There are 2 protein chains.
Amino acid sequence: MRPKNLEKEEAIRTIALQIISEEGLENLSMQKLAKAANVSPRTIYIKYENKEDFLIKLFIDEVLGAYEKAILEKFTPDMEFAAGVKKLWTNAFRYFKNNRHAFALMQYGKSSPLLNKAYQERDIKEGDYFAPVHRFFELNAKAGVIRKLPQEAYRALLFAPMFELVNEYFDFLERPKQIITDKLFADCCDAVIKGMLK
Amino acid sequence: MRPKNLEKEEAIRTIALQIISEEGLENLSMQKLAKAANVSPRTIYIKYENKEDFLIKLFIDEVLGAYEKAILEKFTPDMEFAAGVKKLWTNAFRYFKNNRHAFALMQYGKSSPLLNKAYQERDIKEGDYFAPVHRFFELNAKAGVIRKLPQEAYRALLFAPMFELVNEYFDFLERPKQIITDKLFADCCDAVIKGMLK
DNA sequence: CAAAAGTAAGTAAATGTTTGTTTACTTATA
DNA sequence: TATAAGTAAACAAACATTTACTTACTTTTG
């Protein structure tokens, strides 16, 4: 049996993210992707059932999974609140800086019904998705360090500004001067922390 | 000369937003839209040059413009900081609750390169886009009420969590119990305000 | 221990469908 | 009656996916 060429599999995923990032999800076609990845359309369909299946797996495995892993590096739920939040923010900033294309598909995850559905299904099925972060909030709320709010509110207050800053960071890459520096990022993180404290 | 039917023009825009919201931007085609709006494809091309032109105008006029108008209602740059932020948040929440389809396209504005480009061009051309909010931050920073940060950081800290909460609000509409209540929304607004104060 | 057989990986080209847009024509009103 | 608004049907190009075939490797066999 002919063994599969792992380089081709990776090229398909990598180039898909590139096209989505540069031209938009609505401009990604299977034929265009195959051509750009130097592969026959059929090759994509060996691994993925159809386009929908491909996009969902790309989103969940390549983007969500890698993001989750990166953000939780050296983070534990029992960290002191400010230190924990700073760790999550710096982890995320570092990861996205090095994975711009993944960030683009991540953003689509918030608007596209297809990916949104995938996200919610995963969230329900895998109860331990971001579980350490859940637990981190829970512990700090119990200890009276932060206000008691639903997890959804914690996520909105803590992560939404971070995403927006990363977005701005990429926008400014195409302009003469970058304003989203590590210093500014840290200042914003402080503001978010302060807002959540009791 | 036969006068144009304004109802048809509106149907085109309304139904486009509906399709984008329910099936995603990538599933909106001109022929599908025409059929759904009970109109010949040609009719769309009377007013709009092509699909790109249509989407950009839909995004800017129907979504951004209406959002801007709604959010600035009874808001002035000289308002006291907490009161001003609360006004912006409640205006936005009310507007989106009544315009779910517009919110969907708004979210795409952050991911789609096409709409993103349109957004940035508008932002540059019309210097007074959200000018009252700009000025509001400027005044409060000068007065020493809030930290001094770039406008981009203010926007990230102030608006990003609000958008995320609206997003959650719509997600929870399809579940047994709504958790994004006016009360929770107000609590989160307080947290954001507190974080920005000096 | 080489050569043949078996097999999944891979390709190029074609499938029928849907796409954005246009053509040739009709309709409604100033 | 002049004219822009509107329609139905058509256009080539691009779409997702499949068909029919070849390739490259593993395993079995003589």
Side-chain angles (χ1 to χ4, degrees), chain A residues 1-62 105 108 112-115 117-118, chain B residues 1-62 105 108 112-115 117-118:
Chain A
M1 184 182 97
R2 183 178 179 174
K4 58 177 141 188
N5 188 336
L6 292 174
E7 279 173 38
K8 290 198 172 176
E9 281 197 1
E10 211 199 312
I12 291 168
R13 291 191 301 262
T14 307
I15 294 195
L17 288 179
Q18 200 179 99
I19 293 175
I20 291 168
S21 168
E22 286 163 8
E23 303 174 44
L25 184 56
E26 58 273 32
N27 286 306
L28 176 80
S29 85
M30 299 303 261
Q31 295 192 92
K32 191 196 261 183
L33 170 59
K35 192 170 250 177
N38 239 305
V39 138
S40 158
R42 189 69 242 269
T43 305
I44 305 174
Y45 287 92
I46 290 172
K47 187 148 193 226
Y48 306 99
E49 216 179 296
N50 49 41
K51 191 181 182 182
E52 186 169 324
D53 181 47
F54 169 64
L55 286 176
I56 288 180
K57 284 186 175 145
L58 186 70
F59 177 57
I60 291 192
D61 300 338
E62 202 77 359
L105 185 52
Y108 269 107
S112 158
L114 170 65
L115 301 179
K117 214 186 77 192
Chain B
M1 185 181 100
R2 182 178 180 173
K4 58 177 143 187
N5 189 335
L6 293 173
E7 280 173 38
K8 290 197 173 177
E9 281 196 0
E10 212 199 311
I12 291 168
R13 291 191 301 262
T14 308
I15 293 195
L17 288 178
Q18 199 179 94
I19 293 175
I20 291 168
S21 168
E22 287 164 7
E23 303 174 43
L25 184 55
E26 58 274 30
N27 286 306
L28 176 80
S29 83
M30 298 303 261
Q31 296 194 83
K32 191 196 261 184
L33 170 58
K35 192 170 250 178
N38 240 304
V39 137
S40 159
R42 190 67 242 271
T43 306
I44 306 175
Y45 286 91
I46 292 172
K47 188 151 193 223
Y48 306 99
E49 217 179 295
N50 48 42
K51 191 182 182 181
E52 188 170 323
D53 180 47
F54 170 65
L55 285 177
I56 289 180
K57 284 186 174 145
L58 186 71
F59 178 56
I60 290 191
D61 300 339
E62 202 76 358
L105 185 51
Y108 270 106
S112 158
L114 169 66
L115 301 178
K117 214 185 78 193

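Reminder, nothing fancy here: chain letters follow the sequence lines and each chain counts from 1. Given the structure is predicted, the values throughout are model-derived calculations rather than measurements. The figures that follow rest on heavy atoms only: side chains count, while hydrogens, waters and symmetry mates do not.
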Inset, instruction - Using atom CD of A:Q31 as one end and atom P of C:dT19 as the other, report the distance to the nearest whole Å. - result: 15 Å
Legend entry - Earlier contact from the 5' end, DNA chain C, for A:N5 and B:E52: A:N5
Legend entry - Options C:dA13, C:dG10, D:dG6, nucleotide nearest the side-chain atoms of A:T43: C:dG10
Inset, instruction - Could you tell me whether B:K8 contacts a base, only the sugar-phosphate backbone, or nothing, with contacts defined as non-hydrogen atoms closer than 4.0 Å? - result: sugar-phosphate
Legend entry - Exercise: identify the closest heavy-atom pair between A:I15 and A:A37: CD1-CA, 3.7 Å
Inset, instruction - Find which nucleotide of DNA chain D each of B:P41 and A:P3 is nearest to by heavy atoms, and output the residue with the more 5' nucleotide. - result: B:P41
Inset, instruction - For B:K47 and C:dT21, give me the distance from atom NZ to atom P, rounded to whole Å. - result: 17 Å
Legend entry - A:S21 side-chain N/O to A:L17 backbone N/O, donor-acceptor pair under 3.5 Å: no
Legend entry - Student check: side-chain heavy atoms of A:T43 and A:N5 closer than 4.5 Å: no
Inset, instruction - Examine the base of D:dT23 for any acceptor or donor lying under 3.5 Å from a partner atom in the side chain of A:R2, and report the outcome as yes or no. - result: yes
Legend entry - Which nucleotide in C:dA12, D:dT17, D:dT7 has an atom nearest any side-chain atom of A:M30: D:dT17
Legend entry - Heavy-atom pair with the smallest gap, counting every atom of B:L115 and B:F59: O-CE2, 3.6 Å
Inset, instruction - Assign A:L28 to base, sugar-phosphate, or nothing according to its heavy-atom contacts below 4.0 angstrom with the strands shown. - result: sugar-phosphate
Legend entry - Interatomic distance, B:I44 CD1 vs D:dA8 C1' [rounded to whole Å]: 14 Å
Legend entry - From D:dT7, D:dT17, C:dT21, nucleotide with atom closest to B:K51 side chain: C:dT21
Inset, instruction - Nearest whole angstrom, please: distance from the P of C:dA9 to the NZ of A:K4. - result: 6 Å
Inset, instruction - Respond yes when some side-chain nitrogen or oxygen of B:S29 is under 4.0 Å from OP1 or OP2 of C:dT19, and no when none is. - result: yes
Legend entry - Listed nucleotide nearest any side-chain atom of B:N50, set C:dT11, C:dT21, D:dA8: C:dT21
Legend entry - Spacing between A:N27 atom CG and C:dG20 atom C1', to the nearest angstrom: 13 Å
Legend entry - OP1 or OP2 of D:dA8 under 4.0 Å from side-chain N/O of B:K35: no
Legend entry - Heavy atoms of other groups near A:E22 CD, more than 12 under 6.0 Å: yes
Legend entry - Nucleotide nearest B:Y45 (side chain, heavy atoms from C-beta), chosen from D:dC15, D:dT7, C:dT22: C:dT22
Inset, instruction - Starting at atom CZ of A:F54, determine the distance to atom P of D:dC15, rounded to an integer number of angstrom. - result: 15 Å
Inset, instruction - Please state how far atom CG in A:D53 lies from atom P in D:dA16, giving the value in whole angstrom units. - result: 14 Å
Legend entry - Atom-pair distance (CD1 on B:I46; P on D:dT7), nearest Å: 8 Å
